[in-house]
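Only one structure is covered here, and it is reproduced in the block below.
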Amino acid sequence: MLDSIAATSLLGHRPIYGSYSFKNVSNKHKLPFTKFVNGEVSSSVFSPRQWTNQPLMTRIKAQAMELTKETFSYREEEQFPREFRGKIETGVDRRPGLWPPENKADNPSLNNPLVRQERMGSGWLGVIFEWEGVLVEDSPDLEKQSWLSLSQEEGKSPPPTFVLRRIEGMKTEQAIGEVLCWSRDSSELKRMSSRKEEIYQSLQGSVYRFRSGSQAFVNVLLHHKVPMALVSTRPRKSIEREIEDIGIEGVFNVIVAAEDVYRGKPDPEMFVYAAQLLQFIPERCIVFGNSNQTVEAAHDAKMKCVAVASKHPVYELSAADLVVRRLDELSVVDLKGLAAVESPEFGSDEPELEMEVEAEEERRSAPVAVYDDDFW
């Protein structure tokens, strides 16, 4: 290796090893050879009579010494970096801020390392349920009839079907004031909202029952001690009464009702508030709903969403992270798998430049009109 490197200097000097001889033009004497022997520069011994051009020999020795240093040190920093402490190179980029990846569930302020380790695992998660159509049977027809009855009592035009689909999942006050535009007065909004709930309760008849597989899934979560929250855009009194009627008091750690939030779906406010009460970060919360409004709100809150195909077909709920027909199709392992995956849409907040790059390429590839003066 030394011979091959010495033949041509990395610094661009002329070769100094081989069958080259340098003449002293003034004194007609040949200069001896300079070559490498066991990694060292060796030269023959000169007599004062043979050596008459001392500056030229000094220059050759300087070049040889410089090439020797270059041969043994040109990759020294790459072979043994100064920060080397016996670490094994894994090929992963270790620049600051890239590795190791940040775990958003970590809390350095925790004094117990076991609790901190458990928090960083995928088993540390919370579940947020909707009520109608997820845990209990839903009645879309009763919801539509209650809106039609309220419009008839208030002397308003009945809302069409597409408007009813739009206000699905909203707070009643929000739907009346922002979509139906029946009133802007806060007292009137509360009065009509209360009346609409009374009409719905009279049509429902206070008869609620679990959906198939929902009770078994709730029992599994209770067995594994998974915190659960319940969210609904209906009044708290109605929700608590229905929970008592169905016999699952004390199951939910948190209940978020219409009085606790300002806006309903697709705004993520109630999901974010439930996560705060559960003391979980949004990335470790899994929302269970039955509509695309729920999927949109959950993803806006940076939460995972499992859609239950109770009143919508499966293909309409494909935007959810997981779609099931019954809750007992899931297991705790499935929930841990959802909590462990970081969705691409929850990544950095840096704007994407792909569209700009494509637009720039289109401009470059666009044909340019060339005007020929000779033609005209």
Side-chain angles (χ1 to χ4, degrees), residues 104-105 114-115 117-138 208-234 236 239-257 260 265 268 270-291 294-295 297-299 301-311 314 317 320-343:
K104 297 181 180 180
L114 297 179
V115 176
Q117 182 180 6
E118 181 183 1
R119 180 187 177 97
M120 295 173 65
S122 60
W124 186 73
L125 57 88
V127 172
I128 301 176
F129 284 108
E130 287 187 336
W131 185 239
E132 296 89 353
V134 178
L135 293 178
V136 298
E137 293 290 347
D138 192 13
Y208 292 93
R209 64 177 183 274
F210 274 112
R211 292 192 73 251
S212 299
S214 298
Q215 187 173 8
F217 184 68
V218 171
N219 292 335
V220 170
L221 296 182
L222 287 174
H223 176 73
H224 290 274
K225 299 180 180 180
V226 177
M228 290 179 285
L230 179 66
V231 297
S232 178
T233 54
R234 296 178 55 199
R236 178 178 292 272
I239 296 297
E240 291 179 348
R241 181 172 61 252
E242 295 168 8
I243 291 176
E244 292 178 1
D245 293 341
I246 211 169
I248 54 172
E249 305 95 320
V251 171
F252 301 104
N253 303 78
V254 172
I255 297 178
V256 178
D260 300 319
K265 296 179 299 184
M270 59 182 181
F271 295 138
V272 174
Y273 185 55
Q276 292 176 354
L277 296 178
L278 288 176
Q279 297 181 355
F280 278 83
I281 61 175
E283 290 80 3
R284 292 299 180 87
C285 292
I286 301 176
V287 177
F288 288 80
N290 66 337
S291 64
T294 303
V295 177
H299 286 175
K302 297 185 177 182
M303 301 179 184
K304 307 296 172 56
C305 183
V306 176
V308 181
S310 57
K311 62 179 179 179
V314 174
L317 303 172
D321 298 282
L322 196 62
V323 182
V324 295
R325 290 184 173 86
R326 296 160 49 107
L327 289 180
D328 57 356
E329 298 176 10
L330 298 171
S331 64
V332 177
V333 176
D334 297 326
L335 301 184
K336 291 182 179 180
L338 285 178
V341 175
E342 292 293 337
S343 298

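Remember, it's a predicted structure, so these values are computed and weren't measured experimentally.
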Taking atom CD1 of Ile281 and atom CE of Met303, what is their separation to the nearest 0.5 Å?
10.0 Å
Distance-only polar pair, side chains of Ser310 and Asp138, donor-acceptor under 3.5 Å
no
Where Pro227 and Leu278 come nearest, the two heavy atoms and their spacing:
CB-CD2, 4.1 Å
Begin with the C-alpha distance, continue with both residues' side-chain angles, and end with the deciding distance and a verdict on side-chain contact (heavy atoms from CB on, under 4.5 Å) for Lys304 and Leu322.
CA-CA 9 Å; Lys304 307 296 172 56; Leu322 196 62; over 6 Å; no
Pro268 and Ala301: which non-hydrogen atoms are nearest, and at how many Å?
CB-CB, 3.7 Å
Under the rule for side-chain contact (heavy atoms from CB on, under 4.5 Å), what residues qualify as partners of Ser291, not counting sequence neighbours?
Glu168, Lys265, Gln293, Thr294, His312
Taking every heavy atom of Val324 against every heavy atom of Leu330, the minimum-distance pair comes out as CG1-CD2, 3.8 Å
Validation row: Asp321, His299 side chains within 4.5 angstrom (heavy atoms):
yes
Minimal non-hydrogen separation, Lys311 against Asn290, with atom names:
CE-ND2, 3.6 Å
Side chain to side chain donor-acceptor pair (under 3.5 Å) against Ser122, all qualifying residues, sequence neighbours excluded:
none
With salt bridge (charged side-chain N to carboxylate O under 4.0 Å, His left out) as the rule and sequence neighbours excluded, what pairs involving residues 326-341 come up?
Arg326-Asp328
Only pairs under 3.5 Å count here: list side-chain donor-acceptor contacts from residues 243-257, not counting sequence neighbours, and write none if there are none.
from: Asn253; atom 1: OD1; to: Met228; atom 2: N; distance (Å): 3.0

Residues in side chain to side chain donor-acceptor pair (under 3.5 Å) with Arg241, at least two apart?
none
From Ile128 CD1 over to Met270 CE, what is the distance, rounded to the nearest 0.5 angstrom?
9.5 Å
Surrounding CD of Glu240 (heavy atoms of other residues, nucleotides or ligands, distance under 6.0 Å), is the total greater than 12?
yes
Scanning both residues in full, the closest heavy-atom pair of Val314 with Arg325 reads CG2-NH2, 3.6 Å
For Arg234, give me all partners under salt bridge (Lys or Arg N to Asp or Glu O under 4.0 Å), at least two apart in sequence or on another chain.
Glu132, Glu197, Glu242
The criterion is side chain to side chain donor-acceptor pair (under 3.5 Å); which residues satisfy it with Gln215, sequence neighbours excluded?
none
Leu125 and Ala339 have their tightest heavy-atom pair at CD2-CB, 4.0 Å
Are any of the side-chain heavy atoms of Val308 and Glu130 separated by less than 4.5 Å?
no
Under the rule for side chain to side chain donor-acceptor pair (under 3.5 Å), what residues qualify as partners of Ser232, not counting sequence neighbours?
none
Could you give me the CA-CA distance, side-chain angles and deciding distance for Val220 and Val226, then say whether side-chain contact (heavy atoms from CB on, under 4.5 Å) is met?
CA-CA 9 Å; Val220 170; Val226 177; over 6 Å; no
Please identify each residue that fulfils ring-ring contact (aromatic ring centres under 6.0 Å, His included) with Phe271, with sequence neighbours left out.
none
Which residue pairs pass the salt bridge (charged side-chain N to carboxylate O under 4.0 Å, His left out) test with at least one member in residues 209-231, sequence neighbours excluded?
none
Can you name the residues that form a ring-ring contact (aromatic ring centres under 6.0 Å, His included) with Trp124, not counting sequence neighbours?
Phe280
Those residues at least two apart in sequence (or on a different chain) that pass salt bridge (Lys or Arg N to Asp or Glu O under 4.0 Å) with Glu137 are none
